[in-house]
Amino acid sequence: QVQLVESGGGLVQPGGSLRLSCTASGFTLDHYTIGWFRQAPGKEREGVSCISSSDNNTYYEDSVKGRFTISRDNAKNTVYLQMNSLKPEDTAVYYCAAGVLFRLCVASYRGMDYWGKGTLVTVSS
């Protein structure tokens, strides 16, 4: 059974940091591109960051560039999203997803094949 599970969300003050984790089971995560996506209430789902399977190419959406870092630990079958300098507009449910092609992760959430159930990040004073 293919499964992705996110963890690490919670309530944080503006300017604070969180690290999200995405752990895979039922497949070898390092064979897939992994993406982080988010959806705020009343808004469409948007891409946040992607990391490729083989060469660790990375992509960051402009609004998070310089603040967020995606990484992977293949031994743990886990991908991380380190989020620094958090802003209220970062508040959303964050999802990780696995797909075959890095370019599809960059293009749209619709190109991803397997999804976690999400973890809520709330940035508020």
Side-chain angles (χ1 to χ4, degrees):
Q1 183 178 354
V2 173
Q3 191 170 54
L4 294 168
V5 178
E6 304 96 336
S7 63
L11 175 64
V12 64
Q13 295 184 41
S17 297
L18 286 173
R19 188 176 75 161
L20 305 183
S21 298
C22 173
T23 299
S25 62
F27 67 102
T28 302
L29 187 147
D30 65 3
H31 292 171
Y32 291 85
T33 290
I34 304 297
W36 287 97
F37 302 82
R38 66 187 181 186
Q39 188 164 20
K43 297 183 178 180
E44 66 179 345
R45 189 170 299 186
E46 65 176 356
V48 177
S49 185
C50 301
I51 186 166
S52 64
S53 61
S54 59
D55 57 3
N56 284 338
N57 282 346
T58 57
Y59 156 81
Y60 299 95
E61 195 270 329
D62 285 344
S63 70
V64 310
K65 194 173 298 181
R67 299 189 296 122
F68 291 11
T69 303
I70 191 169
S71 62
R72 67 196 311 156
D73 185 340
N74 291 333
K76 297 182 183 293
N77 218 25
T78 298
V79 169
Y80 303 98
L81 185 68
Q82 178 67 45
M83 306 187 296
N84 299 325
S85 301
L86 284 161
K87 304 175 181 179
E89 51 263 44
D90 295 318
T91 295
V93 176
Y94 283 71
Y95 301 89
C96 72
V100 175
L101 297 177
F102 180 73
R103 66 177 180 85
L104 295 183
C105 181
V106 172
S108 173
Y109 70 89
R110 298 177 180 87
M112 308 305 285
D113 300 310
Y114 306 111
W115 289 84
K117 294 182 179 179
T119 185
L120 177 63
V121 172
T122 302
V123 185
S124 180
S125 297

Notebook entry, point to check: What are the two closest non-hydrogen atoms of Leu29 and Ala24, and how far apart are they?
Noted result: CD1-CB, 3.5 Å
Notebook entry, point to check: Can you tell me how far CZ of Arg67 sits from CE of Met83, rounded to the nearest 0.5 angstrom?
Noted result: 9.5 Å
Margin query: Would you compute the distance between atom CD1 of Ile70 and atom CG of Asn57 and round it to the nearest 0.5 angstrom?
Written below: 11.5 Å
Notebook entry, point to check: Would Ile51 and Tyr80 count as a side chain to side chain contact (heavy atoms under 4.5 Å, CB included) if you check the C-alpha gap in whole Å, the side-chain angles of each, and the deciding distance to 0.1 Å?
Noted result: CA-CA 10 Å; Ile51 186 166; Tyr80 303 98; over 6 Å; no
Item checked: Set of side chain to side chain donor-acceptor pair (under 3.5 Å) partners for Asn74, sequence neighbours left out -> Arg72
Margin query: As an exercise, state the distance from CZ of Arg103 to OG of Ser52, rounded to the nearest 0.5 Å.
Written below: 14.0 Å
Item checked: Glu44 atom CD, over 12 foreign heavy atoms within 6.0 Å -> no
Notebook entry, point to check: Between atom OG of Ser25 and atom CG of Leu4, what is the distance when rounded to the nearest 0.5 Å?
Noted result: 7.5 Å
Next item on the list: Calculate, to the nearest 0.5 Å, the distance between atoms SG and CZ belonging to Cys105 and Arg110 respectively.
Entry: 13.5 Å
Next item on the list: Would you indicate whether the side-chain heavy atoms of Asp90 and Phe68 approach each other to under 4.5 Å?
Entry: yes
Check: Considering all heavy atoms of both residues, which atom of Ala98 and which atom of Ile34 are nearest to each other, and what is their separation?
Finding: CB-CD1, 3.6 Å
Item checked: Given Tyr94, Tyr59, Trp115, the one that forms ring-ring contact (aromatic ring centres under 6.0 Å, His included) with Phe37 -> Trp115
Next item on the list: Might you point out which heavy atoms bring Met112 and Thr33 nearest each other, and give the distance in Å?
Entry: CE-O, 3.8 Å
Next item on the list: Might you point out which heavy atoms bring Gly118 and Val93 nearest each other, and give the distance in Å?
Entry: CA-CG1, 3.9 Å
Notebook entry, point to check: What closest approach, in Å, do Gly99 and Asp113 show between heavy atoms, and which atom pair accounts for it?
Noted result: CA-OD2, 3.6 Å
Item checked: Inter-residue atom distance Leu81.CG - Leu18.CG, 0.5 Å rounding -> 10.0 Å
Check: Are Val100 and Leu104 joined in one hydrophobic group, where the rule is that I, L, V, M, F, W and Y side chains link up if heavy atoms are under 4.5 Å apart?
Finding: yes
Margin query: Could you report the tightest heavy-atom contact between Gly26 and Val2, atom names first, then the distance?
Written below: O-CG2, 4.2 Å
Next item on the list: Report yes if the side chains of Tyr109 and Tyr95 come closer than 4.5 Å at any heavy-atom pair, otherwise no.
Entry: no
Check: Transitively linked via ILVMFWY side-chain contacts under 4.5 Å: Leu101 with Tyr114?
Finding: no
Next item on the list: Please check if Val48 and Leu86 belong to a single hydrophobic cluster, counting links between Ile, Leu, Val, Met, Phe, Trp and Tyr side chain heavy atoms closer than 4.5 Å.
Entry: yes
Margin query: Could you check whether Lys65 pairs with Asp62 (Lys NZ or Arg NE/NH1/NH2 to Asp/Glu carboxylate O, under 4.0 Å)?
Written below: yes
Margin query: Go through it in stages, so that I can follow the logic: the residues are Thr23 and Thr78, the test is side-chain hydrogen bond (donor to acceptor under 3.5 Å, both in side chains), and I'd like the CA-CA distance, side-chain angles, deciding distance and then a yes or no.
Written below: CA-CA 4 Å; Thr23 299; Thr78 298; 3.0 Å; yes
Next item on the list: Step by step, work out the salt bridge (charged side-chain N to carboxylate O under 4.0 Å, His left out) result for Lys117 and Glu6.
Entry: CA-CA 7 Å; Lys117 294 182 179 179; Glu6 304 96 336; over 6 Å; no
